[in-house]
Trainee: 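Mind having a look at this structure? Questions to follow.
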Amino acid sequence: MPQLRRLIALLAAFPLLSRALPATKYVETTPLPLVIWHGLGDSYQADGIMEVAQLAEEVNPGTYVYIIHLDDSDNGDRQATFFGNVTEQITQVCEQLASEPILSTAPAVNALGFSQGGQFLRAFVEKCNFPQVHNLVTMGSQHNGIFKFQSCDSSGDWVCRGAEALLRFGRWSDFVQSRLVPAQYFRDSNEYDSYLKHSNFLADINNEREEKNEAYKSNLLSLNRFGMFMFANDTVAVPKESAWFAEVNQLSGEITTLRERSLYTEDWLGLRALDEQGKLDFETIPGQHMELTDKLLTDVFTEYFGPVEVPDDVAALPPSLVKQGM
Ligand SMILES: *[C@@H]1O[C@H](CO)[C@@H](O)[C@H](O)[C@H]1NC(C)=O
Ligand SMILES: *[C@@H]1O[C@H](CO)[C@@H](O)[C@H](O)[C@H]1NC(C)=O
């Protein structure tokens, strides 16, 4: 009976009964599950992503790794990185993670977002945050948007060309904002009014409109740590400083860092509070967009995704982290 076997495996992974036992000494058992969201043009079964998942398991043995996908087929999942309404995609991922048995019974999960997957995972935290995210790491993500669309290479990638063709309808049209994924995080401060009015995704999750969503802030504030990695020589995600929530003026080249922006000073998202608590990390990775080495990933996984230290305060503990000590 495969169902029974699954249940037993689940119970073994998260011993629910242990909470009922008398409290003496408690230790952590296993690292939190890790959720990964890949970037534009990638797919959940691609070799690169599978290798990252495997490495995460090797660095912190016992890590359950879950790779987010918007379609069961690899092709469909890749297409969904170009096409779709991101608001609806986030809703779909919220349902997917909440209904995944191991994730939804875990006390919390860690999250790793590559490129656009990073701002989408942040949106997951702001909008749903179930399962709750403990540490969030984003690499080369466009938290403050892009002001230039990536051009497709000349290799005859029809999915990418189709996406490019959509732009003919105008980046701020509802037609494009509901269909072309990168358009939904396009942000040019020289077109700020159009952006505020029409952006289907970024203006909302960055709380840039007059009416602020307090849940976005309180959810983001529940992070234990938020590591933002920027690729030093990124010419693919433009501007690269978007990985740190900086605003770059396309015309003058002037950079306004996160700490100088209203987003921070008025703390629309809780980033200032996180920063003041030492939970917001601005990190740099040498090299081009998504140029990652095993060494770097190993360091990051050790730093952010290792076994959680369990405090003495047992009452505050989620059941699945609790195990009787010796
Ligand atoms: C995207 O989807 C959401 C939820 O269904 C909807 O409210 C919104 O209007 C859509 N965006 C556009 C630009 O059509
Ligand atoms: C990367 O950028 C740094 C400074 O930003 C520069 O000194 C270096 O030459 C660049 N490396 C490459 C490979 O472009």
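No hydrogens, no waters, no symmetry mates; every other heavy atom, side chains included, goes into these values.
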Trainee: In terms of hydrophobic clusters joined by side-chain contacts under 4.5 Å, are L271 and M139 together?
Mentor: no
Trainee: What's the separation between atom CD in Q277 and atom CZ in F226, rounded to the nearest 0.5 Å?
Mentor: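 Q277 atom CD to F226 atom CZ measures 14.5 Å (nearest 0.5 Å).
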Trainee: How many angstroms lie between CG in N249 and OG1 in T256, if you round to the nearest 0.5 Å?
Mentor: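 It is 8.0 Å, given to the nearest 0.5 Å.
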Trainee: Heavy-atom distance under 4.5 Å between the side chains of F201 and V181, does that happen here?
Mentor: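 No, too far: nothing below the 4.5 Å cut-off.
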Trainee: For the pair F149 and L167, evaluate side-chain contact (heavy atoms from CB on, under 4.5 Å) and give the outcome as yes or no after the intermediate values.
Mentor: CA-CA 10 Å; F149 287 105; L167 278 174; 3.4 Å; yes
Trainee: Which heavy atom in V248 sits nearest to a heavy atom in G253, and how many Å separate them?
Mentor: CG1-O, 4.1 Å
Trainee: Whether the side chain of D157 engages the backbone of R161 through a donor-acceptor N/O pair (distance < 3.5 Å, no angle test) should be reported.
Mentor: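 It does not hold such a pair.
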Trainee: For A232 versus P286, what's the shortest heavy-atom pair and its separation?
Mentor: CB-CA, 4.1 Å
Trainee: Compare every heavy atom of T105 with every heavy atom of P101, then report the nearest pair and how far apart it is.
Mentor: O-OG1, 2.7 Å
Trainee: Just wondering, do K240 and F231 contact through their side chains at under 4.5 Å, heavy atoms?
Mentor: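 No, too far: nothing below the 4.5 Å cut-off.
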Trainee: Honestly curious: do L70 and I90 fall in one hydrophobic cluster under the side-chain, below-4.5 Å linking rule?
Mentor: yes
Trainee: Is it the case that the side chains of S189 and Q250 hold a donor-acceptor pair, with the cut-off being a distance below 3.5 Å and no angle test?
Mentor: no
Trainee: Tell me yes or no: between the side chains of R187 and N206, is some donor less than 3.5 Å from an acceptor?
Mentor: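 The answer is no; no qualifying pair exists.
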Trainee: Using side-chain hydrogen bond (donor to acceptor under 3.5 Å, both in side chains) as the criterion, point out the one residue from H198, Q177, E191 that pairs with R171.
Mentor: E191
Trainee: Any side-chain donor paired with an acceptor under 3.5 Å for R225 and N110?
Mentor: no
Trainee: Measure up the Y44 and H69 rings against each other and bin them: parallel (under 30°), tilted (30 to 60°), perpendicular (over 60°).
Mentor: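 Correct class here is parallel.
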Trainee: Which heavy atom of V109 sits nearest a heavy atom of L103, and at what distance?
Mentor: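 What the structure gives for the nearest pair is CG1-CD2, 4.0 Å.
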Trainee: Quick check: closest heavy atoms across S262 and W268, and the distance to 0.1 Å?
Mentor: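 Reported closest heavy-atom pair: CB-CZ2, 3.6 Å.
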Trainee: Report yes if the side chains of L220 and R122 come closer than 4.5 Å at any heavy-atom pair, otherwise no.
Mentor: yes
Trainee: Is there side-chain contact between E57 and Q54, with heavy atoms separated by less than 4.5 Å?
Mentor: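 A side-chain contact under 4.5 Å is absent here.
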Trainee: Between N213 and N207, does any side-chain donor sit less than 3.5 Å from a side-chain acceptor?
Mentor: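 No, no side-chain donor-acceptor contact under 3.5 Å.
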Trainee: Would you find more than 12 non-hydrogen atoms of other residues, nucleotides or ligands less than 6.0 Å from K197 atom NZ?
Mentor: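 Counting other residues, nucleotides and ligands, NZ of K197 stays at 12 neighbours or fewer.
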Trainee: So F245 and H143, would you call those rings parallel, tilted or perpendicular, with 30° and 60° as cut-offs?
Mentor: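 Rings of F245 and H143: parallel, under 30°.
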Trainee: Do E241 side-chain atoms and I255 backbone N/O form a donor-acceptor pair below 3.5 Å?
Mentor: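 Between the backbone of I255 and the side chain of E241 there is no qualifying donor-acceptor contact (under 3.5 Å).
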Trainee: Rounded to the nearest 0.5 Å, what separation is found between the CZ atom of F83 and the CZ atom of R78?
Mentor: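 Spacing of CZ (F83) from CZ (R78) equals 10.0 Å.
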Trainee: Taking the side chain as every heavy atom from C-beta outward, state whether F186 and S199 have any atom pair closer than 4.5 Å.
Mentor: no
Trainee: Do R272 and L280 make a side-chain contact, defined as non-hydrogen atoms from C-beta onward lying under 4.5 Å apart?
Mentor: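 Counting from C-beta outward, R272 and L280 never come under 4.5 Å.
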Trainee: Distance-only, no hydrogens or angles: does the D74 side chain make a donor-acceptor pair with backbone N or O of Q45 under 3.5 Å?
Mentor: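 Here the side-chain-to-backbone pair exists.
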Trainee: Which value, rounded to the nearest 0.5 Å, describes the distance between T87 atom OG1 and Q184 atom CD?
Mentor: 6.5 Å
Trainee: Would you say N135's side chain and Y304's backbone share a donor-acceptor pair under 3.5 angstrom?
Mentor: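 Checking the backbone N and O of Y304 against the side chain of N135, a donor-acceptor pair under 3.5 Å is found.
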Trainee: Hey, could you give me the OG1/CG distance between T293 and D299, rounded to the nearest 0.5 Å?
Mentor: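 So the OG1 of T293 and the CG of D299 are separated by 8.0 Å.
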Trainee: V93, L112: one ILVMFWY side-chain cluster at the under-4.5 Å cut-off?
Mentor: no
Trainee: Under the ring pair (Phe, Tyr, Trp, His ring centres under 6.0 Å) test, which residues partner Y192, sequence neighbours left out?
Mentor: Y195
Trainee: Using a distance-only test with no angle check, is there a side-chain donor-acceptor pair under 3.5 angstrom linking Y185 and Q116?
Mentor: yes
Trainee: Using only heavy-atom distances, determine whether the side chains of D71 and S73 contain a donor-acceptor pair under 3.5 Å.
Mentor: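 There is such a pair between these side chains.
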Trainee: Nearest 0.5 Å, please: how far is CZ in F229 from OG1 in T138?
Mentor: 8.5 Å
Trainee: For residues D42 and T81, is any side-chain donor paired with an opposing acceptor at under 3.5 Å?
Mentor: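 Side chains of D42 and T81: no pair found under 3.5 Å.
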Trainee: How are the rings of F175 and F169 set to each other: parallel, tilted or perpendicular (split at 30° and 60°)?
Mentor: tilted
Trainee: To check you understand the geometry: which heavy-atom pair defines the closest contact between A108 and L32, and what is its length?
Mentor: O-CD2, 3.4 Å
